Amino acid sequence: MQKPLRFLLVLFILLTSYTLSSQKKTKHISGKIKSLNNDVSNVLIINLNSKESTITDSLGVFTIEVRLRDSIRFTAVQYLTKEIIITETIFQRNSVVVNLVENIINLKEVTVTPYNLSGKLEQDINSLGIEPVVTSSTLGLPNADVKVMPQSERLLLVADRGEYARLMTIEEILKLDKTLLGFFKISVMVNSDKTINRISGKTKSLEEIVIREKNIELEEEIIAKFSKKTMSENFDIPEVKIDGFLTYCMSQKGFSEISKSGNMLSIWEYLKIKSIEFKEQ
């Protein structure tokens, strides 16, 4: 009688030890996000237990460190938030496929009068007699897809164009003094516009405007990717203070270098670090 009890006790201890060691063991698992229609890149993935985070690549693939029974959250503006538990199967298989559902916004009411619209796009366009929009892209013109430079960047380019000074060419010297034909002379041309703009502070002011506009554009991109709700939940900052938090981040010296990389995971990690500083203010 004692032997079976002793055997069961040993077996229980071994199983308990194995379970506890498995729960403490960490490993990197690979995963893939799937969706029928939407883009699967830049989906934010957070381990709610370790607080480690990552972002999917253009194919929806990701890698994240987990323990058994960890909770993993998947967040993106275009999808409904989803959470999964790292089960024994997932942990042993080292991989997981996650299907996300589109975040569809239902309108309570749509008014189609007074134009007697049917709600069918092709039919309504024909009935309204709307002319097609003509653009450089629709006409197939060269460089139609080239991004137009903002006005502030154009003004900066003009204000700070060229070198401060350069050697004049022979043609430029002769235009000023034709009697120098046959003589050797070195002349320097000073870029007075560039010099004056620098001294007056106009160039610096335009540079600050360009940086500010790029930061605003990046702020809109961050909110579009992660949403204020996601940042509020993960950084423990009230949603009404997220705008102020982003403004705080953009005023930091390191933000400019991070933003130039265009790497959304690096930006997320930067925001996570700065959220701690922001809350201590």
Side-chain angles (χ1 to χ4, degrees), residues 39 41-42 55 57-58 77 131-226 228 231 242-274 277-278:
D39 179 23
S41 64
N42 290 322
I55 290 176
D57 63 14
S58 60
V77 174
E131 295 294 328
V133 177
V134 178
T135 65
S136 56
S137 296
T138 59
L139 293 175
L141 298 178
N143 302 321
D145 297 326
V146 175
K147 186 179 179 181
V148 178
M149 186 180 292
Q151 184 181 10
S152 57
E153 291 187 31
R154 294 199 300 271
L155 291 173
L156 176 59
L157 184 64
V158 172
D160 203 39
R161 178 179 291 164
E163 303 293 332
Y164 285 104
R166 64 175 178 82
L167 293 176
M168 295 177 65
T169 64
I170 296 297
E171 290 78 8
E172 289 172 334
I173 293 173
L174 291 176
K175 283 182 181 179
L176 295 175
D177 191 348
K178 294 184 179 180
T179 61
L180 294 175
L181 186 63
F183 295 90
F184 178 76
K185 183 178 180 180
I186 297 177
S187 296
V188 176
M189 178 176 288
V190 177
N191 189 339
S192 57
D193 288 340
K194 182 183 178 80
T195 305
I196 292 171
N197 288 334
R198 278 288 175 184
I199 295 172
S200 67
K202 180 180 179 180
T203 303
K204 184 179 180 181
S205 176
L206 287 170
E207 287 174 340
E208 290 173 349
I209 292 173
V210 169
I211 292 172
R212 187 160 58 247
E213 288 181 351
K214 286 184 176 180
N215 284 343
I216 291 172
E217 184 179 347
L218 181 59
E219 179 181 355
E220 292 173 351
E221 184 180 354
I222 290 171
I223 293 173
K225 288 290 183 185
F226 303 127
K228 291 183 179 181
M231 287 184 279
I242 291 297
D243 286 329
F245 165 62
L246 292 176
T247 301
Y248 167 78
C249 290
M250 291 175 188
S251 67
Q252 305 302 301
K253 292 181 179 179
F255 185 80
S256 178
E257 292 301 318
I258 293 292
S259 63
K260 287 178 184 177
S261 71
N263 187 316
M264 296 308 289
L265 179 57
S266 297
I267 292 172
W268 176 262
E269 292 298 328
Y270 180 87
L271 294 175
K272 185 160 62 173
I273 293 170
K274 289 300 174 182
E277 297 178 11
F278 180 75

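Atoms considered below: every heavy atom in the structure, side chains included; atoms not considered: hydrogens, waters and symmetry mates. Computed from a predicted model, the values in this text were never measured in an experiment.
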Between V77 and A224, the two heavy atoms sitting closest are CG2-O, 2.6 Å

Hits for ring-ring contact (aromatic ring centres under 6.0 Å, His included) against Y270, two or more places apart or cross-chain, chain-then-number order -> F255

CD1 of I267 to CZ of F226, rounded to nearest 0.5 Å, is 7.0 Å

Taking every heavy atom of I209 against every heavy atom of S152, the minimum-distance pair comes out as CG2-CB, 3.8 Å

Ignoring hydrogens and angles, tell me if any N or O in the side chain of S205 forms a donor-acceptor pair with the backbone of G201 under 3.5 Å. no

For the NZ atom on K272, are there more than 12 heavy atoms of other groups (residues, nucleotides or ligands in this structure) within a distance under 6.0 Å?
yes

**Request:** Check whether any side-chain heavy atom of I222 lies under 4.5 Å from a side-chain heavy atom of M231, and answer yes or no.
**Result:** yes

Taken in chain and number order and not counting sequence neighbours, the residues that satisfy side-chain contact (heavy atoms from CB on, under 4.5 Å) with L155 are Q151, L206

| Can you find a pair of side-chain heavy atoms, one from I223 and one from D243, that are under 4.5 Å apart? | yes

| How about W268 and K225: do any of their side-chain heavy atoms sit closer than 4.5 Å? | no

For S58 and S41, the nearest pair of non-hydrogen atoms, with its separation, is CA-CB, 3.6 Å

query: Sub-3.5 Å donor-acceptor pair from the side chain of Q252 to the main-chain atoms of Y248, do we have one?
result: yes

So NZ of K228 and CG of L246: to nearest 0.5 Å the spacing works out to 8.0 Å

Those residues at least two apart in sequence (or on a different chain) that pass side-chain contact (heavy atoms from CB on, under 4.5 Å) with R198 are D160, Y164, T203, E207

### Message
Check this for me: does any side-chain nitrogen of one of K274 and E277 sit under 4.0 Å from a carboxylate oxygen of the other?
### Response
yes

Side-chain touch E153/E213, heavy atoms, less than 4.5 angstrom = no

Would one find more than 12 heavy atoms of other residues, nucleotides or ligands at under 6.0 Å from atom NZ of K214? no

